[in-house]
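Chain identifiers are assigned alphabetically (A, B, ...) following the order of the sequence lines, protein sequences preceding nucleic acid strands; residue numbering begins at 1 within each chain. Side-chain atoms are counted along with the backbone in the values below, which use heavy atoms only and exclude waters and symmetry mates. As the structure is a computational prediction, the values presented were derived from the model and not from experiment.
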Amino acid sequence: MRHWLVKTEPDAFSLDDLRRESPALWDGVRNYQARNFLREMQLGDVVLIQHSSCKVPAVVGLAVVSELALPDPTASDPEHKGFDPRQVADIDADKPPRWVAPRLSYLRPLRTTLPIARLKARPELADSHLVRRARLSVMPLSESEAACIASMAGDTLLP
DNA sequence: GCCAACGTTGGC
DNA sequence: GCCAACGTTGGC
């Protein structure tokens with residue numbers, strides 16, 4: 001079982017929104033590295049939800065992968081902001097879909113929410129994607145990184 | 001295939 | 001709202 005971290009803007013879709021709408025399609029990702037990570041997600045993997053672009057950016061809660069990544073329907077919808085005609089071309093050509101979305105099911109809030117500033121201060125996380133890769137919205141956590149976050153949050157990070 | 005211009009993300 | 005750190009686009 002792997003651990004992942006995903007970012008979401010709470011004004012658009014918060015942890016509470018996920019709780020109300022669980023399970024939810026995690027759509028709208030339009031970055032190739034993030035897309036590759038979405039493809040790697042396995043059923044039962046635990047996903048840390050991080051609020052971004054808000055007053056206190058922080059890891060706030062947990063979800064679990066409840067359906068493997070499927071073609072992101074918002075990418076084939078011309079009415080949608082995330083529309084990408086190449087998605088339609090890929091599907092028509094029987095190629096793997098360019099953009100995908102897994103389904104995530106709400107788990108719980110973290111016992112202690114963890115502001116990004118606190119995470120960035122930890123030497124154990126200095127080499128993590130979170131610290132090293134600006135703007136990446138989907139990333140894996142190593143076991144040791146997950147263990148560090150678990151201990152900071154007073155949470156097992158288990159489903 | 002290089003790279004300058006441009007657009008976006010997201011912490012601060 | 002600023003701006004650094006990116007990723008993408010398109011002319012050449």
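- Pairs of residues two or more places apart, or lying in two chains, that qualify as salt bridge (charged side-chain N to carboxylate O under 4.0 Å, His left out) and include a residue from residues 8-18 of chain A are D16(A)-R19(A), D17(A)-R20(A).
- The footprint of chain A on DNA chain B, defined by a heavy-atom cutoff below 4.0 Å, extends from dG7(B) to dG11(B).
- Within the 3.5 Å criterion, the main-chain N or O of G154(A) finds a donor-acceptor partner in the side chain of R111(A).
- Note on ring orientation: taking the six-membered ring where Trp is involved, the planes of W4(A) and F37(A) are tilted (angle from 30° to 60°).
- In this structure R30(A) satisfies the salt bridge (Lys or Arg N to Asp or Glu O under 4.0 Å) test together with D72(A), sequence neighbours excluded.
- With hydrogens and angles disregarded, no donor-acceptor distance shorter than 3.5 Å links the side chain of Q87(A) to the backbone of S76(A).
- Within the 4.0 angstrom heavy-atom criterion, base atoms lie near S53(A).
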